[in-house]
Amino acid sequence: MKSTTLRRSNITREKVAMMEALDRYNKRHQDETFYKTQNKTHELDVLWQSFGVKPQKNEKAPQVYFVTGLVVGAIITLLITTILSLLINISTPKEADVVPVKKANVEKSGKFSFVPADSTAAKDVTMNVTNESYTVQDGDTLESIVIRFYGSFDLAKVKAIQEANMMENPNALSIGQKLVIPMN
């Protein structure tokens with residue numbers, strides 16, 4: 001370095017000498033490490049080649065796997081349905097295997113006689129049918145009353161209740177109103 005540069009930077013000659021020595025050391029040391037790393041990489045390349053890594057085969061396209069899975073799935077499904085149908089056919093009894101039910105001997109002659117019902121007996125049956133009464137509560141509808149008494153909704157039952165109570169509008173129920181429910 002020039003002496004004018006040294007004066008301007010306030011660096012002493014000893015410091016400059018030390019910096020130049022350090023620079024020379026770094027250059028020499030850097031060259032040594034460069035050669036050492038070159039040798040190591042070459043050694044690694046040789047080791048890698050001797051390890052015997054073979055190039056991998058080309059991978060199959062995903063479509064090949066999809067089609068293979070589809071075909072295998074269809075075959076398995078076909079086998080399962082065939083086995084199930086065979087099991088069902090084996091487990092169901094044939095007509096020849098069914099034992100006929102023996103009929104009870106009512107008469108030795110094998111003839112049945114039916115007695116027609118009398119008209120008076122039919123009247124007695126209709127008289128035994130009772131009608132029930134129901135007092136309409138808050139929130140009741142004719143449909144809910146039909147479900148309560150008959151178990152399920154039936155439009156014919158709604159009409160029967162309307163006729164028994166002489167109702168024109170099935171929606172015109174009032175709380176406390178007494179309804180006759182026919183139970184035939």
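When side chains are defined from C-beta on, Ile147 does not count as touching Ser144, because their heavy atoms never get closer than 4.5 Å. The side-chain heavy atoms of Val158 and Phe153, taken from C-beta on, include a pair separated by under 4.5 Å. For the pair Tyr150/Met183, a side-chain contact is recorded, criterion being any heavy-atom separation below 4.5 Å from C-beta on. Taking 4.5 Å as the limit, some side-chain heavy atom of Pro182 sits within range of a side-chain heavy atom of Ile161. Under the 4.5 Å side-chain criterion, counting only non-hydrogen atoms from C-beta, Val146 is not in contact with Leu155. With a 4.5 Å cut-off on side-chain heavy atoms, Val136 and Lys178 do not count as touching.
In this structure, the separation between CG on Leu179 and CD on Gln162 is 10.5 Å, given to the nearest 0.5 Å. In this structure, CG on Asn165 lies 6.5 Å from CD1 on Ile181, to the nearest 0.5 angstrom. Interatomic distance, Ile83 CD1 to Ile88 CD1, rounded to the nearest 0.5 Å: 12.0 Å. Put simply, CE on Met167 and CD on Gln177 are 5.5 Å apart, with the number rounded to the nearest 0.5 Å. Atom OG1 of residue Thr141 and atom CZ of residue Arg148 lie 9.5 Å apart, to the nearest 0.5 angstrom. From Ile80, atom CD1 reaches atom CD1 of Ile75 across 12.5 Å, with rounding to the nearest 0.5 Å.
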With side-chain contact (heavy atoms from CB on, under 4.5 Å) as the test, would you mind laying out the steps for Tyr134 and Val180 before giving the verdict? CA-CA 6 Å; Tyr134 178 72; Val180 175; over 6 Å; no

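There is a path of hydrophobic side-chain contacts, each under 4.5 Å, that joins Leu79 to Val71.
Annotation for Leu173 and Pro170: closest pair CG-O, 3.9 Å, computed over non-hydrogen atoms.
Of the possible polar contacts, none joining the Asn89 side chain to the Leu86 backbone as a donor-acceptor pair under 3.5 Å is found.
A search for side-chain contact (heavy atoms from CB on, under 4.5 Å) contacts involving Asn169 returns Asn171, Ala172, not counting sequence neighbours.
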